[in-house]
Amino acid sequence: VVSTQSTGSSGINAEYGKQWYQRRVREAVVSTQSTGEFVKNCISKLSTLGLREQGIYRVSGAQTKMMKLISVSFEEKNINAVLDIDDIKVIASSLKYYFREILPEPLLTFKLHEDFLDAMKTEDRDQKITNLKNVVSQLPKTNYDCLKLLIKHLNDV
């Protein structure tokens, strides 16, 4: 949790610092084509370390370690840095942070947001599934592939 109060005599607002850092990393993400590799590497490492540990997404990892991993992965363009980490909670937290704060656009895209909402409005379960499949099929290929990988992983967890 980042405080929105100033950090003391320096007068630097912590929320501004967080926004500046996120913008910097987003720019690095956009400038690299390896964002899918980060997700793959995180999921692969989580699978290797063991999916049976409870609470990997519920209990947060150390924020400083998570931010360091994000920074090394995208700013320093060492997308394989996650493979050197053995702290399952830091990896899970980094993956959550990536989807929540770093991606310039949500995985399910702004463009299709209303379509996803409309797909869920029907009461008939079979029709709802058909509607969702139709909307998911409209996702850009990289988003679709990432969503498929993420859903498989979450099912395994």
Side-chain angles (χ1 to χ4, degrees), residues 1-8 10-113 116-117 119-120 129 132-133 135-136 139-157:
V1 176
V2 176
S3 170
T4 57
Q5 296 178 1
S6 84
T7 57
S10 66
I12 297 174
N13 186 302
E15 186 63 29
Y16 172 79
K18 177 183 174 190
Q19 291 170 1
W20 175 82
Y21 177 78
Q22 289 169 344
R23 188 171 49 251
R24 221 175 87 203
V25 174
R26 274 192 198 111
E27 289 167 3
V29 167
V30 170
S31 70
T32 67
Q33 296 303 316
S34 31
T35 58
E37 287 301 310
F38 178 76
V39 173
K40 287 179 194 172
N41 287 344
C42 286
I43 289 174
S44 173
K45 190 65 178 195
L46 289 169
S47 297
T48 301
L49 291 174
L51 296 175
R52 300 292 177 239
E53 185 173 331
Q54 290 191 348
I56 64 171
Y57 288 108
R58 187 180 65 244
V59 179
S60 296
Q63 186 173 10
T64 54
K65 290 179 181 178
M66 178 200 66
M67 296 307 250
K68 177 68 175 166
L69 176 59
I70 294 287
S71 177
V72 168
S73 296
F74 293 106
E75 290 180 34
E76 298 176 22
K77 296 178 179 38
N78 181 2
I79 211 66
N80 293 321
V82 69
L83 300 176
D84 297 329
I85 306 290
D86 288 327
D87 187 329
I88 196 167
K89 289 180 177 64
V90 168
I91 297 168
S93 292
S94 298
L95 188 58
K96 288 190 311 186
Y97 186 82
Y98 170 78
F99 282 115
R100 188 179 58 242
E101 303 289 344
I102 301 301
L103 271 182
E105 180 175 48
L107 191 59
L108 300 181
T109 74
F110 292 122
K111 179 182 174 188
L112 294 174
H113 178 78
F116 277 108
L117 294 177
M120 296 301 294
I129 291 169
L132 280 173
K133 284 181 180 180
V135 179
V136 167
L139 286 169
K141 181 171 177 19
T142 54
N143 294 51
Y144 177 85
D145 292 343
C146 190
L147 178 65
K148 185 176 174 181
L149 182 66
L150 181 62
I151 288 174
K152 182 188 178 316
H153 166 68
L154 293 174
N155 186 57
D156 293 344
V157 172

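Scope of the values below: all heavy atoms of this structure, side chains included, with no hydrogens, waters or symmetry mates.
- The closest donor-acceptor contact from the side chain of K89 to the backbone of I56 lies at 3.5 Å or more, if one exists at all.
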For H153 and L46, run side chain to side chain contact (heavy atoms under 4.5 Å, CB included): C-alpha distance rounded to whole Å, both residues' side-chain angles, the deciding distance at 0.1 Å, then the answer.
CA-CA 9 Å; H153 166 68; L46 289 169; 3.9 Å; yes
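- Scanning all heavy atoms of the two residues, the minimum distance from I91 to I85 falls at CD1-O, 3.6 Å.
- Minimum interatomic distance between K111 and E105 (heavy atoms only, all atoms of both residues): N-OE2, 4.2 Å.
- Between atom NZ of residue K96 and atom OG of residue S60 there is a gap of 4.5 Å, rounded to the nearest 0.5 Å.
- Enclosure of atom OH in Y144 is not indicated, since only 12 or fewer non-hydrogen atoms of other residues, nucleotides or ligands lie within 6.0 angstrom.
- Here the straight-line distance linking atom CG of D156 with atom CD1 of I151 works out to 12.0 Å at 0.5 Å rounding.
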Step-by-step side chain to side chain contact (heavy atoms under 4.5 Å, CB included) determination, K45 to I88:
CA-CA 8 Å; K45 190 65 178 195; I88 196 167; over 6 Å; no
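- In plain terms, the two heavy atoms of V90 and A62 that are nearest each other are CG2-N, 3.9 Å.
- Under the 3.5 Å distance criterion, the side-chain polar atoms of N143 are matched with a main-chain donor or acceptor of L107.
- Here S94 contributes atom OG and N41 contributes atom CG; the two are 12.0 Å apart, rounded to the nearest 0.5 Å.
- Using cut-offs of 30° and 60° on the angle between ring planes, the pair F38 and Y98 is tilted.
- Using a 4.5 Å heavy-atom cutoff, the side chains of L139 and L108 are in contact.
- Rounded to the nearest 0.5 angstrom, C42 SG and L149 CG are separated by 10.5 Å.
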For a side chain to side chain contact (heavy atoms under 4.5 Å, CB included) check, start with the C-alpha distance between L147 and V136, then their side-chain angles and the critical distance, and finish with the verdict.
CA-CA 9 Å; L147 178 65; V136 167; 4.2 Å; yes
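- Residues E37 and I79 come closest through the heavy atom pair CB-CG1, 4.1 Å.
- To the nearest 0.5 Å, atoms OH (Y97) and CD (Q63) are separated by 7.5 Å.
- Panel note: side chain T48, backbone S44; a donor-acceptor pair is recorded below 3.5 Å.
- Atom-to-atom distance recorded for L49:CG and D87:CG is 8.5 Å, nearest 0.5 angstrom.
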